[in-house]
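Every heavy atom of this structure was used, including side-chain atoms; hydrogens, water molecules and symmetry mates were not. Worth saying up front: this structure is predicted, and the values here are computed from it rather than measured.
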Amino acid sequence: MSHHSTALFLTTKMIQRRRTLHEKGPPLPPVVSVVSLIAYLPTFLAKGLPAVIQDLHAKHGSVFTVSLFSLKKVTLLVGPDVTAHFFQGSESEIRQSDIYKVTIPVFGRGILYDVDLATRSRQISFCTDSIKPMNLRGHVDSMVHEVEEYFAQWGQHGVVDLKYEMGHLVLLIANRCLLGKQFRDNMFEEVSTLLHETFENGFHLISLFFPYLPTPRHHRRDKARALLGEMIHDAVRSRRSSGQAEDDVLQKFVDSKYINGRSMTESEIAGLLICMMFAAQHTSSSTSTWTGASLLSNDHRSYLAAAIEEQKRIIDQHGERIDWGILLEMGTLHCCIKEALRLHPPANMLIRHASKSFSVKTRQGKRYEIPKGHTLATCTTVSNRLPYIYKDPNVYDPSRFGPGREEDKVGGKFSYTPFSAGRHVCLGEDFAYMQIKVIWSHLLRNFELELISPFPDEEWEKFIPGPKGKVMVSYKRRRLL
C-alpha cells in the first residue's frame, strides 16, 4: 500500500471512529484527577470543601467528574439547569440509600436507609403526617410557651453566646413537641446530653465514608445512642400500657400503622424520633444563630429595622398574641431567615448514586452523559450563590426574595435548595420556619440586641456545618409598643 493510500485509509478510519463516538451519545464530563486536586489542598484546609468546588466550577463549568484513583467517580452537578434529574429522578434511577448509610448508626437499624423502599416511604409518611401544617398549628402555643419561659430567665441586660442559647432553646422546643411533656419536664438534661453526643460524634467527614470505623468518636456516638434508645423504648411501653394519649409526635408514632396494620416497634419509634430530633435541632438552632448574626451585624442593620417595624405593625393589628396565622403574616422575617439559609445551608453537600445513566444539558447548551455507577453530588453552598441567579450572591440581602425580585423563582425550580428539593425535599421545612419565627419575633419584640464578636465562620470540617465558635451578643430589655 502506498503512503498516499495509507494516509487516506487512516483518515477514513479516524472519521468513522469519530462518527461512531458521536453516534454513541454525548461526551462524558471533564475529569478532575486526584493529582490536580492536590493543588486545592490549601483551599480545602483553609476554607473547606465548598470553596474547592467553587474553584472547580469556575474552571470546568457546571458538570465535572472527580476521579479518585479510578476507584470512585464522583460527578458534581452545579446549578438548576443540570440538577433536575438529580432532585426528581425515581429511586430506580437516582438512589439515596447507599450514600446515606452514615445515618444508620445514628438513627438505628431498620430505619429509613436501612430498609427497603416501600418501608422507607411509609416511615417518611409517618414523619410527614406528624408535622404537616394541620398538626403544626397545635404546636404554636407550646413553642411560644417554651420561648417566653426561656427568655424570662435573662436579666435586664447582659451578654450571651447566641449559638449556645439557640441550641438549648431549640432542644427544649423539640423535646416538648416531639418527645412530649414527660421528657421535657423530667429528662431534659439527660436527653440533651445524649443527643449532643450522638449527633456531634456521628456526622464528621470521616463518618460519611467509614461510619463503622472503631474511632473514639464513634464509640461515644454508639454509647449515647443506645442509652437514648432505651429511654424512648421505656416511654413507648409506658404509653402503650397506660393507654394515656398525649399531644406530641411520640403519640402520633405510637398510633401509626403500616399498610398491613402492624404498629411500629419501639426501636422504629425511637429511630424516627431521633431522626426528627436531629432535623429539628440542628437545622433550627444553626439557622436561628445565622439569622441573628446576619441581622445584628453592622452591615445589615436596615434589615433588622425592617423586621422590627413588621413586628410593631403586627402588634398594632393583633396585640401580643401569636398563632399560626399571625406567623404567616411575618413576611419580612421569613425573608430574613430564608436569606440566612441561602448563604448558610444546613447541609452543604447532597449526595446520590446513579443507578442508570442519564444526560444533562448546561446553560451553554453543552450536553454530557453521566454514566451508571457514578456517585452524584451537588453543593448547595455553591448552587445558592450563582451570580447569574442571585445579584451580589455573597451579600446578605433578604429583599432579593421580595415582590418584584423573587430571584429564587427567576432561576427556576432548583435554584434555591437549602432544604434539598424535588422528591427528597426536607419534610421539616414548615416546622423549622415556624420555630425560628416564634423565637425571633419574641427577641425582636422584647430586646435590643447587638453582635459584639466577629461574624462567625462556618464549621467546614463537618458534613453538616454550623457557625464556628461562640457568637457573642449583648442584650437589653425593652418593649415594642
Side-chain angles (χ1 to χ4, degrees), residues 24-32 53 56-57 60-68 72-104 111-125 127-128 208-209 275 279 345-384 386 389 408-409 411-429 463-464:
K24 271 184 185 170
L28 298 176
V31 175
V32 181
I53 293 167
L56 291 170
H57 171 248
H60 298 286
S62 53
V63 187
F64 54 90
T65 298
V66 176
S67 179
L68 304 172
K72 201 178 195 57
K73 289 189 164 49
V74 182
T75 294
L76 271 294
L77 303 164
V78 181
D81 307 90
V82 293
T83 48
H85 190 60
F86 177 94
F87 286 121
Q88 296 196 128
S90 67
E91 183 74 11
S92 64
E93 301 168 304
I94 305 288
R95 211 162 65 235
Q96 245 192 339
S97 44
D98 297 355
I99 305 296
Y100 288 90
K101 297 290 185 201
V102 63
T103 65
I104 295 172
I111 306 299
L112 297 176
Y113 300 106
D114 191 43
V115 291
D116 60 82
L117 180 60
T119 310
R120 179 157 85 251
S121 302
R122 190 71 186 129
Q123 289 179 352
I124 288 170
S125 74
C127 297
T128 313
L208 180 63
F209 299 104
C275 166
N348 54 45
M349 295 290 289
L350 300 172
I351 303 172
R352 307 278 189 268
H353 177 83
S355 301
K356 288 181 184 167
S357 60
F358 63 99
S359 69
V360 293
K361 189 177 175 185
T362 68
R363 277 173 70 236
Q364 292 75 22
K366 283 187 181 173
R367 194 172 276 284
Y368 292 110
E369 182 77 12
I370 315 296
K372 172 185 174 179
H374 276 212
T375 295
L376 308 171
T378 187
C379 180
T380 45
T381 311
V382 176
S383 293
N384 287 336
L386 292 168
I389 294 172
D408 55 323
K409 293 203 174 95
K413 206 170 172 183
F414 304 112
S415 52
Y416 181 84
T417 55
F419 287 99
S420 187
R423 198 172 277 271
H424 300 290
V425 68
C426 173
L427 51 92
E429 185 172 353
F463 179 54
I464 299 177

Over all heavy atoms of both residues, which pair between [X] and [Y] is shortest? Give the atoms and the distance, please.
X	Y	answer
Gly373	His353	O-CE1, 3.5 Å
Pro346	Pro418	CD-O, 3.7 Å
Ala377	Val74	CB-CG1, 4.2 Å
Ala354	Pro371	CB-O, 3.9 Å

- Test side-chain contact (heavy atoms from CB on, under 4.5 Å) on Tyr368 and Thr362 and set out the steps. CA-CA 8 Å; Tyr368 292 110; Thr362 68; 4.0 Å; yes
Could you tell me if the side chain of [Y] sits less than 4.5 Å from the side chain of [X], heavy atoms only?
X	Y	answer
Ile111	Ile104	no
Ser92	Lys356	yes
Val63	Ile370	yes
Leu76	Leu56	no
Cys379	Met349	yes
Leu386	Ser415	no
Arg120	Tyr113	yes

First locate atom [atom1] of [X], then atom [atom2] of [Y], and finally report the distance between them rounded to the nearest 0.5 Å.
X	Y	atom1	atom2	result
Lys361	Ser62	NZ	OG	12.5 Å
Arg352	Glu93	CZ	CD	13.5 Å
Asp81	Gln364	CG	CD	8.0 Å
Ser359	Glu369	OG	CD	6.0 Å
Ser383	Asn348	OG	CG	11.0 Å
His57	Phe64	NE2	CZ	7.5 Å

- Query: With respect to Phe87, which candidate in Leu77, Thr378, Ile94 satisfies the side-chain contact (heavy atoms from CB on, under 4.5 Å) definition?
  - Reply: Thr378
- Item | Test salt bridge (charged side-chain N to carboxylate O under 4.0 Å, His left out) applied to Lys372 - qualifying residues, sequence neighbours left out | none
- Message: Looking at Thr417, is its backbone amide N or carbonyl O close enough to the side chain of Asn384 to form a donor-acceptor pair, meaning the two atoms are under 3.5 Å apart?
- Response: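 Here the side-chain-to-backbone pair exists.
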- Under 3.5 Å: donor-acceptor pair, side chain of Gln123, backbone of Leu112: yes
- Message: Whether the Arg122 and Thr119 side chains hold a donor-acceptor pair (N or O, under 3.5 Å, no angle test) is what I'd like checked.
- Response: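 Their side chains do not contain a donor-acceptor pair, so the 3.5 Å distance test is not met.
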